[in-house]
Amino acid sequence: IPPIPIAVTGPDGFVAWHVRCAARARWGGDLIGLGPGEFADPALLDAGIAAADAVIHLAGVVSGAAEADFDLGMRVNLDGTRHLVEACRAAGTQPRVLFSSSIAVFGGDLPAVVTDATTPTPQGSTRYGQARPSCTRAPTTRRRPRRCRPSAVPSSRPTSSAHARS
């Protein structure tokens, strides 16, 4: 069992599958999965968030699907992130929220290290690449006091660094 209860969004996605496998290998227990059912039902999302001290936000509709269905991409990528942040704020437990990013946000030519200061230049102007920076900024751009603790991790290169924002 992880040392703290950790939830993961998009629990059946490619990256989340690997994160869950690593959690099982390291701690012998699984993470709390927050999938489409939890996002469709605010009570289920609230319950999943209330049970977690940390949330790894990996849910997303990637480039091809987001291009084919603009509304789906925005509903999952932007609105889903906003709903997650609101659920974390409402929980009152201040879960740490880890946001992942994508190479689609930063374009093709990257510096040796990608940090929060790296300017987003969406690759090919994809809708997914355009939505992800908005998702990682969502928790820090609200005018009301923050009650979740977001961090962003650019996942485009193994040498990437991330700076926690709390």
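Counting from 1, the numbers follow the sequence of the chain as shown.
- With rounding to the nearest 0.5 angstrom, the CZ atom of Phe99 is 9.0 Å from the OG1 atom of Thr9.
- Contact check for Leu58 versus Val8: side-chain heavy atoms found under the 4.5 Å cut-off.
- The shortest heavy-atom contact between Ala52 and Pro95 is O-CB, 4.0 Å.
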Inset, instruction - Applying side chain to side chain contact (heavy atoms under 4.5 Å, CB included), run through Val55 and Ile49 and close with a yes or a no. - result: CA-CA 8 Å; Val55 179; Ile49 296 297; 3.8 Å; yes

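- The minimum heavy-atom distance between Gly80 and Phe39, with the atom names listed, is O-CE2, 3.3 Å.
- A distance of 6.5 Å separates CG in Leu84 from CG in Leu45, rounded to the nearest 0.5 Å.
- In this structure, NE2 in His83 is found 10.0 Å from CZ in Arg75, a value given to the nearest 0.5 Å.
- Minimum heavy-atom separation, Val19 to Ile56: CG1-CD1, 4.0 Å.
- The pair Arg20-Asp12 counts as a salt bridge, with a side-chain nitrogen and a carboxylate oxygen less than 4.0 angstrom apart.
- Taking each heavy atom of Leu44 and Gly37 in turn, the nearest pair found is CD1-O, 3.9 Å.
- Note that SG of Cys88 and NE2 of His57 are 9.5 Å apart. Values are rounded to the nearest 0.5 Å.
- When all heavy atoms are compared, the tightest approach of Leu34 to Gly48 is CD2-CA, 3.8 Å.
- The heavy-atom pair separating Ala51 from Pro5 by the smallest distance is O-CB, 3.1 Å.
- Among residue pairs with one or both ends in residues 32-45, none qualify as salt bridge (charged side-chain N to carboxylate O under 4.0 Å, His left out); sequence neighbours excluded.
- The structure places CG of Asp79 at 7.0 Å from CE of Met74, a figure rounded to the nearest 0.5 Å.
- Taking the side chain as every heavy atom from C-beta outward, Asp53 and Thr93 never approach each other to under 4.5 Å.
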